[in-house]
Amino acid sequence: MKNISPDTQGHWGKFGGKFVSETLMCALEELSSAYNEAIKDKNFKQDLNNCLKQYAGRPTPLYYAERFSKKTGVRVYLKREDLLHTGAHKINNTIGQAFLAKRMGKKRLIAETGAGQHGVATATVAALLGMPCDVYMGEDDIKRQKLNVFKMKLLGTKVIPVKTGSKTLKDAINEALRDWVTNVKTTYYLLGSVVGPHPYPVIVRDFQSVIGEETKRQIRKLEGRLPDYVVACVGGGSNSMGMFYPFIKERKVKLIGVEAGGLGLASGKHGASLCKGTEGVLHGARTYILQDKDGQIASTHSVAPGLDYSGVGPEHAHLKQTGRTSYYTVKDKDAMDAFFMLSHLEGILPALESSHAIAWVKNFAINFKKNDLVVVNLSGRGDKDVDIVEDYINPVRN
């Protein structure tokens, strides 16, 4: 496949790039240079791998979900990123970028977060490395993810509520970028997904690719072959890109990205940028975004806060355009049904984000062939979502 990596300006075809102010252009060039040097440094890579192993808990298991498989009629393996320290894949990226920030001599970390998992992971590495940290989080997400907010505060991080716009992830990124512009000399912006201006989509993808690389080795050992399907949820797209990237050249492996259908596409309340969006520029990159006819960014909705985003990573946009990856949507109700199904059958509470990928497998089961082999990236655990689930079960609480 052509254009598996972007050009020097961060373009996969017409997607990507860096559409930012002149102030940030200099910062992005500094970041690109520092990253390119770091990934060639054996000591940096060794320190990163040691921390992922000894601190984060890699490698994560590839678990055969036997009872879920019997129920769906297809062999399903779960890549257990939920078992990592902090409970999600986000720690892979935050360790890498925090080490890079230290290498660059930055004194302070900032980040954005939606579901709170990236915020917790950033707060964790900030504490580990002794760096002050501020995390921007939409006011609505703060209400939905109280547990993660409390965790960040316990770790010594300041959580800054964002009260503008939709008060979700999109607006948290906006505020983090404004902070970075003001404090660019001393502050490192630890972006949490494969979005934003170049080189962030590449940096985050590379640090998350450990997911797919491990999966390839593990499935070959367990089954003697590669899977027929690899499935992951897509919001900004970091867990899915980390899983997909090592499989992109394996043409026989079908890559399936699952977006948030929210209350249903007909309602207009969803987060399906790839399935229902149009081309545009958001947060410094050209990609598919949800926008109205005047180009104004549309509000989104998902029961899973981490999928509640108006855009998507530019490499995902490229994979869609070239046809290498297929993207689907799953409604809130189906994601909730999958949450309960996996919980009851396997004793695993999946994050509501990951529940969308589980739901796609459940809903698509009738179309699988008898001997198909499916790997689902279980990107996070669901204890952060218990309040949302309780509200879903009991919408009126005393």
Side-chain angles (χ1 to χ4, degrees), residues 10-17 19 112-115 118 138 140-141 165-174 177 191-197 200-201 204-205 231-244 255-332 335 352-354 356-357 359-360 379:
H11 292 96
W12 288 270
K14 59 183 175 180
F15 298 108
F19 300 85
E112 83 299 327
T113 195
H118 175 60
D140 285 356
D141 288 336
S166 61
K167 304 175 186 178
T168 56
L169 182 59
K170 167 181 68 69
D171 311 288
I173 295 175
N174 288 339
L177 285 169
L191 211 161
S193 196
V194 288
V195 300
Y200 277 113
V204 179
R205 178 201 70 190
V231 187
C233 64
V234 180
S238 66
N239 93 88
S240 46
M241 205 61 245
M243 175 60 94
F244 293 167
L255 305 179
I256 307 295
V258 186
E259 293 190 293
L263 300 177
L265 295 181
S267 72
K269 296 181 178 180
H270 54 80
S273 304
L274 288 159
C275 293
K276 295 294 288 185
T278 53
E279 293 177 27
V281 174
L282 178 64
H283 297 137
R286 178 171 292 279
T287 185
Y288 286 108
I289 60 177
L290 296 170
Q291 56 187 330
D292 63 21
K293 58 184 176 60
D294 297 317
Q296 297 299 306
I297 303 302
S299 296
T300 58
H301 165 80
S302 173
V303 71
L307 304 185
D308 211 343
Y309 182 55
S310 305
V312 69
E315 190 166 9
H316 278 293
H318 176 68
L319 290 175
K320 175 193 174 178
Q321 187 186 54
T322 58
R324 178 61 187 95
T325 301
S326 299
Y327 295 93
Y328 299 84
T329 62
V330 160
K331 295 180 183 178
D332 285 354
L352 287 176
E353 291 78 17
S354 309
H356 284 69
W360 184 87
S379 57

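All of these numbers come straight from a predicted model, not from anything done at the bench.
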Would you give the length of the straight line joining atom OG1 of T287 to atom CD of Q321, rounded to the nearest 0.5 angstrom?
-> 10.5 Å
Taking only residues two or more places apart in sequence or in another chain, which ones pass ring-ring contact (aromatic ring centres under 6.0 Å, His included) with H316?
-> Y327
Under the side-chain contact (heavy atoms from CB on, under 4.5 Å) rule, collect the residues that match up with Y328, sequence neighbours excluded.
-> I256, S326, W360
Taking only residues at least two apart or on different chains, which pairs with a member in residues 257-277 satisfy side-chain hydrogen bond (donor to acceptor under 3.5 Å, both in side chains)?
-> none
Can you tell me which residue pairs pass the side-chain hydrogen bond (donor to acceptor under 3.5 Å, both in side chains) test with a partner in residues 295-307, sequence neighbours excluded?
-> T300-D308, H301-D332
Whether E112 side chain and G192 backbone form a donor-acceptor pair below 3.5 Å = yes
Could you tell me which non-hydrogen atom of N239 sits nearest to which non-hydrogen atom of C233, and how far apart they are?
-> ND2-O, 3.0 Å
Heavy-atom pair of closest approach, residues E315 and W12 = OE1-CZ2, 3.4 Å
Compare every heavy atom of S193 with every heavy atom of V204, then report the nearest pair and how far apart it is.
-> CG2-O, 3.3 Å
Is there a side-chain contact (heavy atoms from CB on, under 4.5 Å) between M241 and L319 once you walk through the steps?
-> CA-CA 10 Å; M241 205 61 245; L319 290 175; 3.6 Å; yes
Just by modelled atom types, is the A232 backbone N or O under 3.5 Å from a matching donor or acceptor in the S240 side chain?
-> no
pair T113-D141: side-chain heavy atoms closer than 4.5 Å | no
For H11 and G16, which heavy atoms make the closest approach, and how far apart are they?
-> CD2-C, 4.0 Å
H283: ring-ring contact (aromatic ring centres under 6.0 Å, His included) partners, not counting sequence neighbours | Y309
Between H356 (side chain) and L352 (backbone), is there a donor-acceptor pair under 3.5 Å?
-> yes
In terms of heavy-atom contacts, A272 and T329 come closest through CB-CG2, 3.6 Å
Minimum heavy-atom distance between L191 and G196, given as atom pair plus value = CD1-CA, 4.3 Å
Any residue meeting side chain to side chain donor-acceptor pair (under 3.5 Å) with S166, in chain and number order, not counting sequence neighbours = T168, D171
Is Q291 reaching over with its side chain to a backbone N or O of E279, donor-acceptor style, under 3.5 angstrom?
-> yes
Donor-acceptor contact present, side-chain S310 to main-chain A298, <3.5 Å | yes
Using a cut-off of 6.0 Å, state whether more than 12 heavy atoms not belonging to K331 lie near its atom NZ.
-> no
